[in-house]
Amino acid sequence: MIVITGANGTLGRGIVEQLLGRVPAEQIAVSVRDPEQARELAVQGVRVRRGDFTDPASLAHAFEGASQVLIVSAATTGGAAITQHRTAIEAAEAAGAHRILYTSHMGVNPSSPFPPMVDHAATEALLRESGMAFTSLRNGFYASTTLWLLTEALKTGELTAPQDGPVSWTAHADLAEAAAITLAEESFDGPTPALTAGAALDLAGAAELAAELTGRTIRRVVVPDEQYRASLLAQGLPEARVELTLGLFAASRQGEFAHVDPALAHLLGRPTTPLREVLKAGLIPAG
Ligand SMILES: NC(=O)c1ccc[n+]([C@@H]2O[C@H](COP(=O)([O-])OP(=O)(O)OC[C@H]3O[C@@H](n4cnc5c(N)ncnc54)[C@H](OP(=O)(O)O)[C@@H]3O)[C@@H](O)[C@H]2O)c1
């Protein structure tokens, strides 16, 4: 039984959908916080059980009979994320799984100014310490991250943010397919190479693409970190969220997400999805 967590989220659901084309449904199980939201998967023959990283007993039930467990990284940061990952790793081991897969990041770095990269480094250390076979999928930066900045910029005509750097923006769909292939073929041991799209682009480049696709003008305006912090706080964003966002820009201008690697395209056996396609789907209404 292959167990996938976070299967009501974007990446997890994509992985299950891709896996359904590769292994029989009765060999797939999902661990989700709300089984009702996974009803469509149950109808297809996937085992659906409730599993919450903050509730070890629920994971014991959701991971029962697992051969492999794919842990979709937590939707939180810092100590809470690491505790949740530790709980999931221990539950996978207790369930008798022979391999754990974990959705790490291409920018994994214990000293990154962007906190999730530090959490991924700590989790990879937990996986190594577990002594179990594991695969750490070093996923590229989600291309969809650009959409929240660009959608706002399209309204105002200005993309105002601190200095950034190039990022190898990668499509959720490509990462989901890669994870499904890795589960079906058990093709990687330890950390994968960086699983990235084929090009790195900074926000000015992304804004140019968005402008070209929508026929609108977007001016990239670089502001100091302090000014950006003050404007986000004034908009009512929680302080932790503001610091997280500033950390992203600091890490990106240090080049932490600039690496482009052919591994994802090799694994998929096709070119990766360019940012342009993700923006087209996200910014231009269908029909
Ligand atoms: N590579 C990148 O650039 C990048 C960017 C952002 C985030 N990430 C990481 O990638 C992960 C998956 O991305 P995504 O786009 O699929 O995010 P998503 O759509 O928000 O899905 C996150 C999933 O985590 C589940 N979850 C939250 N708290 C949980 C808990 N206590 N126990 C078990 N499951 C829990 C959620 O369950 P519910 O459906 O019940 O809420 C959801 O299904 C994120 O959680 C984050 O760690 C990566």
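In each ligand, atom 1 is the first atom listed, and ligand 1 is the first ligand listed. Note that the coordinates shown come from a computational prediction; the quantities given were computed from them, not determined experimentally.
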**Asked** Any sub-3.5 Å donor-acceptor pair from S252's side-chain atoms to D164's backbone N or O?
**Response** no
**Item:** Those atoms of ligand 1 less than 4.0 Å from some heavy atom in V72
**Value:** 11 (C), 12 (C)
**Prompt:** Tell me: protein heavy atom nearest atom 19 (O) of ligand 1, and distance?
**Reply:** T10 N, 2.9 Å
**Message:** Walk me through whether D174 and T273 qualify under side chain to side chain donor-acceptor pair (under 3.5 Å).
**Reply:** CA-CA 7 Å; D174 290 353; T273 308; 2.9 Å; yes
**Asked** With a 4.0 Å heavy-atom cut-off (strictly under), which part of A74 contacts ligand 1: side chain, backbone, both or neither?
**Response** backbone
**Fill in**
Here the atoms of ligand 1 under 4.0 Å from any heavy atom belonging to H105 are 1 (N), 2 (C), 3 (O)
**Prompt:** For atom 43 (O) of ligand 1, which protein heavy atom lies nearest, and how many Å away is it?
**Reply:** G9 N, 3.0 Å
**Prompt:** Between T5 and S31, is there a donor-acceptor pair closer than 3.5 Å when you use the side chain of the first and the backbone of the second?
**Reply:** no
**Asked** Step by step, would you call L20 with V16 a side chain to side chain contact (heavy atoms under 4.5 Å, CB included)?
**Response** CA-CA 6 Å; L20 277 165; V16 178; 4.2 Å; yes
**Request:** Mark yes or no for whether S112, through its side chain, and N109, through its backbone, hold a donor-acceptor pair below 3.5 Å.
**Result:** no
**Request:** Please confirm whether H172 comes within less than 3.5 Å of ligand 1 when only nitrogen or oxygen atoms on both sides are compared.
**Result:** yes
**Per-atom contact, atom 32 (N) of ligand 1, protein heavy atoms, under 4.0 angstrom** = yes
**Asked** T170 side chain to S168 main-chain N or O, any donor-acceptor pair under 3.5 Å?
**Response** yes
**Fill in**
among protein heavy atoms, the one nearest atom 13 (O) of ligand 1 is Y142 OH, 3.0 Å
**Prompt:** Do any N or O atoms from the side chain of R220 and from the backbone of L203 form a donor-acceptor pair under 3.5 angstrom?
**Reply:** no
**Asked** Any idea which protein heavy atom is nearest atom 44 (C) of ligand 1, and the distance to it?
**Response** S73 O, 3.6 Å
**Identity and separation of the nearest protein heavy atom to atom 23 (C) of ligand 1** = G6 CA, 4.1 Å
**Asked** What are the two closest non-hydrogen atoms of L213 and L279, and how far apart are they?
**Response** CD1-CB, 3.7 Å
**Item:** Top protein contact for atom 1 (N) of ligand 1, by heavy-atom distance
**Value:** G140 O, 3.1 Å
**Request:** Looking only at non-hydrogen atoms, find the nearest pair between L201 and W169 and report the distance.
**Result:** O-NE1, 3.0 Å
**Message:** I'd like to know whether ligand 1 has D34 as a neighbour, heavy-atom separation below 4.0 Å.
**Reply:** no
**Complete:** Quick note on ligand 1: atoms under 4.0 Å from a heavy atom of F141 include exactly 3 (O)
**Prompt:** Got an N/O contact under 3.5 Å between L11 and ligand 1?
**Reply:** yes
**Fill in**
protein heavy-atom neighbour closest to atom 37 (O) of ligand 1 works out as R33 NE, 3.5 Å
**Asked** Does the T151 side chain pair with the main chain of W148, one donor and one acceptor, at a distance under 3.5 Å?
**Response** no
**Item:** Nearest non-hydrogen protein atom, atom 39 (O) of ligand 1
**Value:** N8 CB, 3.4 Å
**Test of proximity, G12 against ligand 1: N or O pairs below 3.5 Å** = no
**Request:** For ligand 1, find out whether one of its N or O atoms is nearer than 3.5 Å to an N or O atom of D52.
**Result:** yes
**Request:** Please check if the side chain of Q18 supplies one atom and the backbone of A179 the other of a donor-acceptor pair under 3.5 Å.
**Result:** no
